[in-house]
Amino acid sequence: MRISSLRLQLLAWVVLPLAALVTINLWTSQRNALATADLVTDRMLVGSARAIAEQVAMADGVLDATIPPAAIEMFDTGDRDSVFYRVETAGGRLLTGYPDLPKASQRGSIEASYRGRRLRLLSLSQAVIGAGADSPIKVTVGVTLAGHDAMVKRLWFSDFAQQLALVAIAGVFVLLGLRRGLAPLIRLRDTVRSPDRSDLDPVEVPGAQSEIRPLIDALNAYMARVRAQMAAQRRFIANAAHQLRTPLALLSTQASYALRETAADQRREALVALQASSGRLARLAEQLLTLSRAEPGSRRPRSDRIDLTDAARQVLEGQAPKAIERNIDLGLEETGPVPVIGDGTMLREMIVNLVDNALRYSRPGGSVTVKLAASDGEAELTVIDDGPGIPAEEREHVFERFYRIAGASEEGSGLGLAIVREVVENAGGSVTLGDAASGGLKVEVRLPLSSIED
């Protein structure tokens with residue numbers, strides 16, 4: 001069964017291995033208790049046999065074996081054990097005791113069954129002065145195992161109680177430690193779920209451990225991305241509402257004018273203007289969407305391997321009809337593939353905006369040249385036109401959204417270069433404006449060049 005509680009999981013990971021170790025320790029304790037009981041019983045058997053042997057002596061030329069009470073009473077531990085003994089000469093003649101008592105080796109104690117009961121037996125030999133051939137005598141003492149087994153249980157249960165108390169105490173301290181250790185997580189939960197919290201400000205949890213700090217940092221980073229996305233959405237909505245209001249009003253006016261006109265020529269003229277306005281509006285909507293996608297945090301970062309040469313070739317093929325319409329020589333100068341890493345869609349859109357701006361502002365019959373090269377670990381994309389150019393004092397402002405140079409003859413939204421800068425900076429590059437040799441504008445884009453291993 002899967003445990004869903006972190007506290008119970010941590011408790012289980014601590015207590016269960018501890019319980020396993022305790023189980024092994026109890027098994028070891030049982031073996032130690034058994035060895036201790038065996039040792040104590042054997043020492044008592046040796047003491048009893050020696051006490052009996054010391055009472056065997058020659059009396060009037062006859063071996064006399066007297067059993068001292070102390071030799072039997074030393075086994076009186078309250079467990080009602082029975083003691084059996086046998087004293088015999090070296091030749092095996094019984095002097096006293098139980099004749100059918102099992103024989104025991106003098107090397108150590110043994111366990112045997114006698115009269116339906118388990119015994120632990122031990123034999124001891126001792127010389128008797130004056131006994132002649134009957135010396136040494138052999139004394140065998142056996143005792144039932146009630147006291148022995150009771151001693152094992154007492155020793156083992158004592159260890160069991162200690163180990164059980166250890167596990168219980170450890171469990172209590174672990175619970176207390178978990179409660180204290182998980183307190184920052186509880187505070188983090190309460191902070192995030194607090195009804196007073198309506199924004200996405202970074203979360204701070206005082207006293208958070210180093211293991212929890214990465215979680216808090218990841219949560220704050222995620223909320224920062226969400227804030228960036230929400231800000232991008234708000235900017236897009238505000239920009240779209242601001243920029244679309246005038247074109248839509250113009251479309252409505254032109255449509256009303258076309259509806260009122262009865263003359264075919266004037267109506268056609270109004271419809272042509274209406275078509276041109278709708279085209280500009282579609283271009284504006286397309287650029288607004290592109291700018292929204294280019295903003296940091298608006299979409300998941302991509303790391304495509306893009307050949308700028310191939311991308312520029314595709315863009316120029318798409319822009320060729322517009323160049324032909326305005327009789328502009330649109331050319332591409334390249335020496336081979338120029339690989340970069342980035343969002344392929346946005347990089348192509350960047351080239352589209354650069355070429356579209358160059359074609360829009362170049363004079364009819366002029367030229368627009370796109371150059372691509374790789375140098376010093378950078379990809380260089382240069383777009384040159386022979387238009388009016390941009391004054392030096394205006395070059396920084398034209399990257400602002402919706403900025404238009406005063407007196408510009410061409411219609412536009414002021415978003416093209418803003419889109420270019422957003423895309424280039426997101427790709428880790430830079431864009432600069434300069435003067436072309438022909439007097440027009442030169443736009444130079446530099447991006448990190450992709451290595452073969454990328």
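In this structure, the side chain of Ser135 engages the main chain of Val128 through a donor-acceptor pair within 3.5 Å. Counting only distance, with no hydrogens or angles, the side chain of Ser29 and the backbone of Asn25 share a donor-acceptor pair below 3.5 Å. Looking at Asn353, its side chain does come within 3.5 Å of a backbone N or O of Glu349 through a donor-acceptor pair. Of the possible donor and acceptor atoms, one in the side chain of Asp307 sits under 3.5 Å from a partner among the backbone N and O of Thr309. At least one donor-acceptor pair closer than 3.5 Å links the side chain of Thr23 to the backbone N or O of Ala19.
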Donor-acceptor pairs under 3.5 Å, side chain of residues 140-149 to any protein atom, not counting sequence neighbours: which ones?
unit_1 : atom_1 : unit_2 : atom_2 : d
Thr140 : OG1    : Ser123 : OG     : 2.9
Thr144 : OG1    : Asp81  : OD1    : 2.7
Thr144 : OG1    : Ser82  : N      : 2.9
His148 : NE2    : Asp38  : OD1    : 2.4

Using distance only, find each side-chain donor-acceptor pair of residues 332-342 under 3.5 Å and give its atom names and separation, not counting sequence neighbours.
unit_1 : atom_1 : unit_2 : atom_2 : d
Glu334 : OE1    : Gly336 : N      : 2.9
Glu334 : OE2    : Arg313 : NH2    : 3.2

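Considering all non-hydrogen atoms of both residues, Leu155 and Ala33 come closest at CB-CB, 3.6 Å. In terms of heavy-atom proximity, Val368 sits nearest to Ala358 at CG1-CB, 3.7 Å.
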message = Please evaluate residues Asn357 and Val443 with respect to the criterion side-chain contact (heavy atoms from CB on, under 4.5 Å), reporting the C-alpha separation (whole Å), side-chain torsions for both, the decisive distance (0.1 Å), and the verdict.
response = CA-CA 10 Å; Asn357 275 356; Val443 183; over 6 Å; no

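Salt bridge absent: Glu444 and Lys442 never bring a charged side-chain N and a carboxylate O closer than 4.0 Å. Under a 4.0 Å N-O distance rule, the pair Asp100/Arg86 does not qualify as a salt bridge.
Partners of Phe157 according to the ring pair (Phe, Tyr, Trp, His ring centres under 6.0 Å) rule, which considers only residues two or more places apart in sequence or in another chain, do not exist here.
Between Glu422 and Asn426, the side chains place no donor N or O within less than 3.5 Å of an acceptor N or O (distance only, hydrogens not considered).
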